[in-house]
Amino acid sequence: MVYVLMFLPAICSAVALAVSLAYGREKSALVIAAVAAMSVFLLVKDTLPLPGAVNAVAVAFALTYLAISIYLAVKKRKERDAKC
């Protein structure tokens, strides 16, 4: 139970990412999100304990991926509405 509480943000981020992928969000955003997560890991690996570093990486990855995919979805919707 202690590990679940320590890694709760990472678990929530993984669930949010899985739901987003299941509903067909932009898969090209995975590369950009992976780069953001790696940069966060390099910044926090020496200053935070392992659970904090894992949570920071997972949250950074999920938030970056979701922000990019939502932006691209809005952009596609605007383009589609402009055509009609």
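Keep in mind that the numbers below use all heavy atoms, side chains included, and drop hydrogens, waters and symmetry copies. From a predicted model like this one, the values you see are computed outputs, not experimental measurements.
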Please round to the nearest 0.5 Å and tell me the distance separating atom CD1 of Ile68 and atom CG of Leu63.
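Nearest 0.5 Å value for the CD1-CG distance: 11.0 Å.
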Working to the nearest 0.5 angstrom, can you tell me the gap between Leu72 CG and Glu79 CD?
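Atom-to-atom, Leu72:CG and Glu79:CD are 9.5 Å apart.
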Identify whether Phe61 and Leu66 are in the same connected component of the hydrophobic contact network (ILVMFWY, side-chain heavy atoms under 4.5 Å).
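Phe61 and Leu66: one cluster.
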What pairs with [X] under side-chain contact (heavy atoms from CB on, under 4.5 Å), at least two apart in sequence or on another chain?
X     : result
Arg77 : Arg80, Asp81
Ala58 : Ala10, Ser13
Phe41 : Met38, Lys45, Val57

Between Ala56 and Val44, which heavy-atom pair has the shortest distance, and what is it?
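Shortest heavy-atom separation between Ala56 and Val44 comes out as CB-CG2, 4.3 Å.
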